[in-house]
Amino acid sequence: MPAAAEEQSWAAFFLPLLVTPSPPCSTPRPSIRRLPVLPHDVQDLDRRLQPPCLPGTTTSCSSPTDTCAVGGGHGGGADVSGAGICPGVGRCSQCADALQGVFFMTQPLRVRFAPSPTGYLHIGGARTALFNWLLARKEGGVFVLRMEDTDAERNTEAARETIFRGLDWLGLTPDEGPEQGGPFGPYSQSERADLYKKHVEELIAKGAVYPCFCTRERLAELRAKQEAEKADLGYDRLCRHLDAADVAKRLEEGVPHTWRLKAPLDAEGLVIDDKVRGRVEVAGKDIEDIILVRANGVPVYNLAVVVDDHLMEISHVLRGEDHLTNTFKQLLIYKAFGWEPPVFAHLPLILGPKGEGKLSKRKHPEAALELYQQRGYPTEALVNWLALIGWRMDGETEVMTREELIRNFSLDQVSAGGARLPLDKLDWLSGEYIRNMPVSEVARAIRPFIQSQGWHAEEPLLLTLAEAFQPRIRAFGDIVDQAAWVFEDKEEIEPKALKKLKKEGAADILEAYIPVLLEADFDDVEAMEARARAFCEERGVGLGALVHPLRASVTRRTAGPGLFDCLRLVGKERVIRRIREGIERARS
RNA sequence: GGCCCCGUCGUCUAGCCAGGUCCAGGACACCAGGUUUUCAUCCUGGCAACGCGGGUUCAAAUCCCGCCGGGGUCACCA
């Protein structure tokens, strides 16, 4: 459809909305940036973001930002501040109803990745980060990194670094975060204590929470009793029903206490409109009074998350399915504050390669992103692979560039079921990427691995090496194993290779071939091959009779690049030496 | 155990919301053949799945119920 026609149809849809008289808004434009609650589906991403901006249209609200200054088009571009999105229309919550269609596009999408720095970047976390990032890029939104580091013991600078560098490596650098800053900082929970404190006080003032004086011992006993009786687990709300005077007295005396959230006593349930799973519901009786503030005054994770997501104006929360039950608790906290919760989407978990539970570093070394870095998988291959775990563009397309990933990413193509880590697929995909790279790039990528072994390969040799192994390696690190024979002179010979050497006549033909090699130009692989063919013909034997023992003595293996490439890689002098060793082996 | 989520080839998945075009499509892996000096690449072909049982319907992988199986979660961890 031509752009003009498209715009027209948009106009046809929106103009009636815009000209509809709505009550004049006399209240000053509130500074809240949060969306007010609307009667229809606020959480519908598509409706929220698709309406294009209508240039020059004016809303009924008199606020100066209500005239749209930005031209048509929407959603695209690198400008995360929301270029192409009408900046002011419908900001006024009083007028929202009349402006709903336009209203949505004023709020840029904001997503976050919120890992806790535990010393490594989990591959599932990396996938979560990627999905968030893809959504942000797709919708012209903002990708925020927030450190959930309230657990001081585990929080080290090195652990934070690991996450920063891991994201950088994947090309998922945040738009806002501890390193890049931003208008909603600080971006580490450890630095936000005062904000939590303030909000806890708000909840206390509202009477949404109550102090709980139960000791850990009593809680443990309660739990043991419940388990023994096979009763429902959970706090029995003892302190919720304490006498007010009693509570005041204990507070006065400074009796240690936590603060618990008052869950509604009526049986009303909670509903999550999950963008991946649809409607998820829990009954009211299954909701307990969770602790919000520890006895030491430090707020608990669930409270911090809600406060942060709200304050940071996160519009969409994409996270692992293991948070699904937390979401109910968080929903309650949003309610207690009177805040509108964000859109939720719970991503399928990544299971161990054998399907044995979720991937954990303890059981699975492949849970750590570092491993893939160390093995030398191309970043783009890894990103492509990660995107494919739980998301499909269609049933066919699998190899996609980052741009294609962005263009095609969509939450409703995310599957709900957990997925085993498809490591085979990564090897294949990675090989695919490597084979499609320019040789020079392969050379550059394998170089550090070669150097790490103390081997030396400079320009001409390095390129030959890259060319020879490009179709054979599936990660750049493979070069170390596969090409060891090029550099190591004292390598064990493979049993299979030894067998080839021991074959009848092998030693003789090698011996006879040495003079031919002495005269050969090792850089002219084609000529060498032609000469070898002629040589075999003269002796009345097949090419294999020469090639197999030759390979066995020079590479000490039976598999590898084309033989004459192998010779070139090793160089004339060392080739001759190795052939002589081969002959010895053959005759011993 | 309670609650929640999930259930298509060995694996990752398309199809399910809007039932027929699906005796279920793609990819990886695997197997066979071809090309090749080996291996890899490349090409061709093959194997292989709707968890089970009811129901609704002319018709169900698709809708409903039950069962079974897998996973997650039940901390003053995040």
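Below, read A as the first sequence line, B as the second, and so on, with proteins coming before strands; counting in each chain starts at 1.
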Consider the side chain of [X], meaning its heavy atoms from C-beta on, and name the nucleotide among [options] that approaches it most closely.
X	options	value
A:L219	B:A78, B:C76, B:A29	B:C76
A:V280	B:C76, B:U13, B:C4	B:C4
A:L351	B:G2, B:G71, B:U38	B:G71
A:D424	B:C28, B:G26, B:U37	B:C28
A:R223	B:A75, B:G26, B:G72	B:A75
A:S415	B:C3, B:C39, B:A14	B:A14
A:H323	B:U41, B:A14, B:A78	B:A78
A:P471	B:U41, B:A78, B:C4	B:U41

Positions of residues 503-511 of chain A (non-hydrogen atom under 4.0 Å from RNA chain B), listed by number: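 RNA chain B contact set from residues 503-511 of chain A: none.
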Residues within residues 474-487 of chain A bordering RNA chain B, heavy-atom distance below 4.0 Å: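 Within residues 474-487 of chain A, the residues near RNA chain B are A:R474.
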Spatial distance of atom OG1 (A:T327) from atom CZ (A:F344) [nearest 0.5 Å]: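 The CZ atom of A:F344 is 5.0 Å from OG1 of A:T327, to the nearest 0.5 Å.
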CZ of A:R112 to CG of A:N132: how many Å apart, nearest 0.5 Å?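 A:R112 CZ to A:N132 CG: 7.5 Å, rounded to 0.5 Å.
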Taking the six-membered ring for Trp, are A:Y377 and A:W385 closer than 6.0 Å centroid to centroid?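 No - the distance between ring centres of A:Y377 and A:W385 does not fall below the 6.0 Å cut-off.
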RNA chain B: A:W428 or A:V298, which has the more 5' nearest nucleotide?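 With A:W428 and A:V298 compared, the 5'-side residue is A:W428.
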Let me know, please, whether A:N326 or A:V414 comes out on the 5' side of the other along RNA chain B by nearest nucleotide.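 Closest to the 5' end, via its nearest nucleotide, is A:V414.
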Can you tell me whether the side chain of A:K425 and the base of B:A29 have a donor-acceptor pair closer than 3.5 Å?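 Answer no: no donor N or O sits under 3.5 Å from an acceptor.
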If you measure from the Lys or Arg side-chain nitrogens to the Asp or Glu carboxylate oxygens, is any gap between [X] and [Y] under 4.0 Å?
X	Y	value
A:R223	A:E221	no
A:D521	A:R531	no
A:D308	A:R192	yes

Is [N] paired to anything, Watson-Crick or G-U wobble with both distances less than 3.5 Å, and if yes, which nucleotide?
N	answer
B:C74	B:G1
B:G7	B:C68
B:U38	none

Is the phosphate of B:C6 approached by A:R277 (side-chain N or O, under 4.0 Å from OP1 or OP2)?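 Indeed not, no polar side-chain atom of A:R277 lies that close.
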With a cut-off of less than 4.0 Å, is there a side-chain N or O of A:K358 near OP1 or OP2 of B:U73?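 So the side chain of A:K358 is within the cut-off, an N or O lying under 4.0 Å from OP1 or OP2 of B:U73.
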Whole-Å distance separating the [atom1] atom of [X] from the [atom2] atom of [N]:
X	N	atom1	atom2	value
A:E321	B:G7	CD	P	10 Å
A:M393	B:G25	CE	C1'	15 Å
A:D427	B:A29	CG	P	9 Å
A:H122	B:G72	NE2	C1'	14 Å

Does NZ or CZ of A:R250 fall inside the cone over A:F213's six-membered ring, less than 6.0 Å from its centre and within 45° of the axis?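 Relative to the ring axis of A:F213, which defines the angle, A:R250 lies inside both limits.
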Within 45° of the ring axis of A:Y210 and under 6.0 Å from its six-membered ring centre, is that where the NZ or CZ of A:K262 lies?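 The answer is no; the distance or angle limit is not met.
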Check side-chain hydrogen bond (donor to acceptor under 3.5 Å, both in side chains) between A:R568 and all other residues, then give those that pass, not counting sequence neighbours.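 Result, side-chain hydrogen bond (donor to acceptor under 3.5 Å, both in side chains) vs A:R568: A:D523.
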Compare all side-chain heavy atoms of A:F409 with those of A:F131 and state whether any distance is below 4.5 angstrom.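 Side-chain contact under 4.5 Å: yes.
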Same-atom distance (P) from B:G46 to B:G51, integer angstrom: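 It works out to 25 Å between them.
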